[in-house]
*Asks:* 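Submitted below is the structure of interest, expressed as structure tokens.
Bear in mind the structure is a predicted one, so any value in this text is a computation, not a measurement.
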Amino acid sequence: MNFWEILGAWVGAFFVISVLTMLWKDNPYFRFGQQAIIGATIAHYVLFNMKNVLNMALIPISKGNVILVVPLILGLLMYTRLSPDHAWFSKYPTSVLVGVGIGVMIAGTLRGQIIDQVKATVVDIFTAGTTFDLMNGIIIAVGTVTAITFWLFTREHKGALGASAKIGRIFLMVSLGTNWAGEEVWYLTQIIGRLIFLINVWIKGAILGMA
Amino acid sequence: MVEKEPANIWIKLGNIDYRWLYALSFVLMVIPILRPIGLPTLVSEPTKGYYNAIVSLPPGSVVAVSFQGSAALLDEQEAQFIATWKILFERDLKVIFYCPSSDGVIILNEELEKIVKPEKYGKVYGVDYVRLGYAPLGETGEAALATNIRSVFPTDLYGTPLDEIPMMKDINDHTDIDLLIFQHTACTSVEWPIRQWVVPYGMKVITMTLGCCGPMAAPYYPKQILGFLAGSGMGTELEVLSGHPGPGAVMSDAKNFGVLGLLVFLVFGNLSYLGKRFGRKE
Amino acid sequence: MIIRTGTYLDLILLIVLVVASWYYMNKAIRGEKLPMLRKIPAIDAIVEGVGRSIEQDRPVHYAMGASGGQLYSTLVSMTLAGIAMLRYIAKLCARYGARLIVHMPYQAESIPLIEATAREGYLEEGKPEMFRLEDLRYYGQGSLTWTQGVTSSFAQEGVGLNLEVGIFYSDCPISLEMAKIMGGMNVGGTGRWIMVYAFAMMCDYVFLGEEIYAAGAIVSDNPLMLSGIVIEEVGKYFVFLLLAIGIVLAAIGLDVGTLLSM
Amino acid sequence: MSFARRELPTILLTACGVLMLLAFFTPFDAFQTVKGTLTTWTIVISATSTWLGFIYMGYAQYRMLQRNPTLAQKIYFITPFAFFLLFFFVGVSFPGDLSSPQYNWLFQNIYRQVGATIYAIMFFTLASAAYRTFTVASIEAIALLTGGVIYMLRQIPLFPYFAPWLVPLGEWILLVPNVGGGRGAVICAALAALVVGLRTLWGREITLVEV
């Protein structure tokens, strides 16, 4: 390991341990690390976006693409929020962003999250090759329909609707449990990765010089 | 004391300070990292399919590797990568590496130069393996590559035109490639090689991916893809199967141990619940 | 063709929703009675939580997620749901005199909207002087710095009610669990199903998935917003209809996969 | 005045949204160009506004120092600015800017190293939450517990070795009941998001109009 690698291991370990102490309790070491990371991440965020402004607005404007002055001014209008009298100017850039966002959202949601889901539910049943697949397809369809009934707000959940919503809730709970398990094992890999870094790279490599 | 107030145990069992759980998990995970144990691993069918797809290739076959590595997700996949590179290099195969992500180039560099070292297996750059570098391919790029490699990568990573590389002289499209190893970190990308390589040309494809993406790959095995590796667990399986112990073994041991603390506490929590419940009835 | 192929069904669904919106919103404007709405317990829990915070002399924390200020992505509606809830909690805090700390998302472009909404909440209750700008916290990009900052704030300033509604990725488990460990009361939810498990497991009262949108409408107490829930209901029945038609057509041997790709 | 404060931003919002939808539903190139332009604009607007975060962070830190002017607080106050400056100057002063090896060193050893630690912390928080909630208290809780524990054990190498049936069972839970429940949840959330979007385009979303 060269000097910079060793220093890097020390710096990395310093911050990793600082974060991990949060599990024990709040302490000055954790707070120092936390404050440092705020500064670092804001700088990173600002730098990347300044680069975007430069490449996507300032350089094209200097080359004659003058229309890009408009978003630049709209972006600057965001800062009027800092002056109570002119704060309402910031509604303009916000409106453009939200307008575009809603266009993107509607276009993306209709197909991917609704129609394709319905399609998959129907197709799974009718393309099933075996009885087992067919049964699974039907279970998925039942789960989908009952889960939706759980979110019907305009009727009391009584009688048939109540039973359906109850079944839907069980499907939802299994789904939540599975999501938990998927994430938990994935995070387990990550904590082990950090521990391997601390033990093999920092302690063995940088401190004991064994690498 | 304890016998007189049995309910107290149950309440205590359900209210243990979480920090004991955290500390227990920590200790359990550190043990196998310091001293790998090598707990047994079941080698699953997709892993066997993956391994067999490589070892059954006749000598001199050409393998293309689409390597989309991501630095942030390396813990999950490094075992798969290293074991795969070792299996490839110890056989008489010609390997083409290309990267649809910029991270991929850096990771591959680290792994080939520092860990696997192809020259150790007597492999020569340009004769036995080639690195084509990075291009933001996407699904259309993978399709273009299948019909004409030179349209996407006119040169290799070091800027040498492909025609000047001995190994690449006769290789230009899917007909010259015998196996595609497709590595991806977005779950739905598993469909790319299937749509672009398997369906139109009937290519042999195997894939490597994250643990969470395994279930998305499973429906395509064994018809469209001959095998797949998902997550560090299956990376360990490949290490066991191929006899190349690596980072996966430590990871698996630590996983096996790390989860024990949680299981113990789950039992505590349920005992506490049942104890409180039946304690109340009496 | 005027309509792009492959978007016919999308358009039909959109038209159904537009017509339903037009019908029910007009009904709401005319002041006609809307169907009764099922109770969501988490809404009452918010008021209870604010009361508890005042009793214990601890602040109320509100968060929309480390990445919850997405104004121009497909998740924009979830941001708006978070904003609607912010307005409500600001009003409640102003009304009962609790201190509100807002942990802002990293998207700086959403800050003006967040500040305006929080101010508006206090203004509506006639207590604009209670609004404190320094209680809008910003932590930079990434879920780590955000969770660190939130945890640190819980530890130093205390946590009474911790309300989290909006777009959550891997940031919610830590902030929710830390609030719980430090004795706070958690209420919250997100529309991203993959993260709902964290809310279901860690919150005292949870908005399951879609309920965050319904809750935003219910707390606004505005008939126009409330009519939205009925409009969604129309959409749900349309989905049932689509499913039924699909199954019938598939049963008589048509290629439903292609039909539903129109 | 009122028009410029209230109606005009709403009109702007609706126009942007409708243009994006036209680009999605119609095949005309003109709308595609407009869509491209608007997308670039949103990036420029949001990139220009990044300094707002820095300003709000600075103000909150300053007020905290004012209220509690101890030495420790002074150190906490200076830290984020020090790290901001460190990242900022390293980011702009070396050739290659953000891709320079110097900035990359900072990024890898502080930003990324610490960023990965978040997942590690997550493992512990999810574990303690499971300890609290994974009980056999009700049918829903049992569903949560079963889904969670079985799918977790399926992913830990040791357990399938002794109980090979965990693999197909775990996969079945993931691909059948989980998909059923999850699909219903996704459809409902998507419909709700669409309704909010349409209401906003209509200029009826009070959250935006009144502010």
Side-chain angles (χ1 to χ4, degrees), chain C residues 1-4 7 10-11 17-18 21 25 72 76-78 80-81 83-84 87 104 106-109 111-113 116-117 120 133-140 142-144 147 170 173-174 177-178 181 191 193 196 198 200-202 209-210 213-214 220 222 224-225 228 231-232 235-236 239, chain D residues 21 24-28 39 42-43 45-46 48-57 59-60 62-64 80 111 114-115 117-119 121-122 124-126 128-130 132-134 144 148 182 185-189 191-200 202 204-208 210-211:
Chain C
M1 281 303 275
I2 300 175
I3 308 296
R4 185 198 296 276
T7 63
D10 306 41
L11 192 62
L17 289 175
V18 168
S21 298
M25 288 207 299
Y72 56 99
V76 57
S77 293
M78 237 179 275
L80 295 179
I83 293 279
R87 184 196 190 87
M104 296 194 290
Y106 83 79
Q107 285 93 350
E109 68 268 20
I111 293 178
L113 184 58
T117 310
E120 177 90 6
L133 193 63
E134 73 259 34
D135 282 339
L136 300 182
R137 302 289 163 76
Y138 184 82
Y139 305 108
S143 42
L144 179 95
T147 38
S170 43
I174 299 179
E177 189 68 9
M178 288 296 161
I181 289 175
W193 184 246
V196 173
M201 289 170 70
M202 295 168 180
E210 195 219 311
Y213 299 102
S220 74
N222 177 310
L224 263 179
M225 300 272 283
I231 301 162
E232 274 166 42
K236 283 169 204 162
V239 167
Chain D
L21 283 180
F24 175 68
F25 282 114
T26 64
F28 306 119
T39 313
T42 53
I43 297 170
I45 293 173
S46 77
T48 315
S49 62
T50 41
W51 286 95
L52 269 178
F54 180 74
I55 295 168
Y56 279 74
M57 185 277 290
Y59 182 73
Y62 166 71
R63 293 284 298 170
M64 245 181 265
Y111 194 93
V114 175
T117 316
I118 183 123
Y119 299 111
I121 301 271
M122 207 92 72
F124 295 106
T125 57
L126 290 189
S128 52
R132 203 170 51 240
T133 51
F134 276 13
L144 185 72
V186 166
I187 291 177
C188 285
L191 281 168
L194 284 173
V195 171
V196 172
L198 285 175
R199 187 164 65 215
T200 313
W202 217 288
R204 300 286 195 192
E205 174 69 35
I206 60 154
T207 349
L208 283 173
E210 309 247 320
V211 169

*Asks:* Where on D/Leu191 is there a heavy atom nearer than 4.5 Å to chain C: the side chain, the backbone, both, or neither?
*Replies:* both
*Asks:* Using a 4.5 Å cut-off on heavy atoms from C-beta on, say whether the side chain of D/Arg199 contacts that of C/Ser21.
*Replies:* no
*Asks:* What part of D/Val114 gets within 4.5 angstrom of chain C, counting heavy atoms only: side chain, backbone, both, or neither?
*Replies:* both
*Asks:* Do you know which of C/Pro173, C/Ser143, C/Ser220 has the most heavy-atom pairs with chain D at a distance under 4.5 angstrom?
*Replies:* C/Pro173
*Asks:* How long is the straight-line distance from CD1 of C/Ile181 back to OG1 of D/Thr125, given to the nearest 0.5 Å?
*Replies:* 8.0 Å
*Asks:* Quick check on D/Tyr111 against chain C: is it the side chain, the backbone, both or neither that has a heavy atom closer than 4.5 Å?
*Replies:* side chain
*Asks:* In terms of heavy-atom proximity below 4.5 Å to chain D, should C/Tyr213 be classed as side chain, backbone, both, or neither?
*Replies:* side chain
*Asks:* Could you tell me which portion of D/Tyr62 (side chain, backbone, both or neither) has an atom closer than 4.5 angstrom to a non-hydrogen atom of chain C?
*Replies:* neither
*Asks:* Would you mind checking which part of D/Leu144 comes under 4.5 Å of any heavy atom in chain C, side chain (CB onward), backbone (N, CA, C, O), both or neither?
*Replies:* side chain
*Asks:* Check whether C/Val196 gets within reach of chain D through its side chain, its backbone, both or neither, counting any heavy atom under 4.5 Å.
*Replies:* neither
*Asks:* With the side chain counted from C-beta on, respond yes when D/Ile55 and C/Tyr138 share a heavy-atom pair under 4.5 Å apart, and no when they do not.
*Replies:* no
*Asks:* Which of the residues C/Gly228, C/Gly191, C/Gly209 is involved in the greatest number of heavy-atom pairs with chain D at under 4.5 angstrom?
*Replies:* C/Gly228
*Asks:* Atom OG1 in D/Thr39, atom OH in C/Tyr72: separation rounded to 0.5 Å?
*Replies:* 10.0 Å
*Asks:* Quick one: pull up OG in C/Ser77 and CG in D/Leu198 and give me the separation to the nearest 0.5 Å.
*Replies:* 9.0 Å
*Asks:* So for C/Val239, is it side chain, backbone, both, or neither that comes closer than 4.5 Å to the heavy atoms of chain D?
*Replies:* side chain
*Asks:* By a 4.5 Å heavy-atom criterion (distance strictly below it), what part of C/Glu177 contacts chain D: side chain, backbone, both, or neither?
*Replies:* side chain
*Asks:* Side chains of C/Asp10 and D/Phe24: does their closest heavy-atom pair fall under 4.5 Å?
*Replies:* yes
*Asks:* Tell me, side chain or backbone of D/Leu52 under 4.5 Å from chain C's heavy atoms, or both, or neither?
*Replies:* both
*Asks:* Between C/Met25, C/Met78, C/Arg137, which has the largest tally of heavy atom pairs under 4.5 Å with chain D?
*Replies:* C/Met25
*Asks:* With chain D, which of C/Met178, C/Met201, C/Met202, C/Met104 has the greatest number of heavy-atom pairs at distances under 4.5 Å?
*Replies:* C/Met201
*Asks:* Examine whether an atom of D/Thr200 lies under 4.5 Å from a heavy atom of chain C, and if so say whether it belongs to the side chain, the backbone or both; otherwise answer neither.
*Replies:* side chain
*Asks:* So do the side chains of D/Tyr59 and C/Glu134 get within less than 4.5 Å of each other, counting heavy atoms only?
*Replies:* yes
*Asks:* How many angstroms lie between CD1 in D/Ile118 and OG1 in C/Thr147, if you round to the nearest 0.5 Å?
*Replies:* 3.0 Å
*Asks:* Need one label for C/Ile111: side chain, backbone, both or neither, based on atoms under 4.5 Å from any heavy atom in chain D.
*Replies:* side chain
*Asks:* Is there a donor-acceptor contact under 3.5 Å from the side chain of C/Arg4 to the main chain of D/Phe25?
*Replies:* no
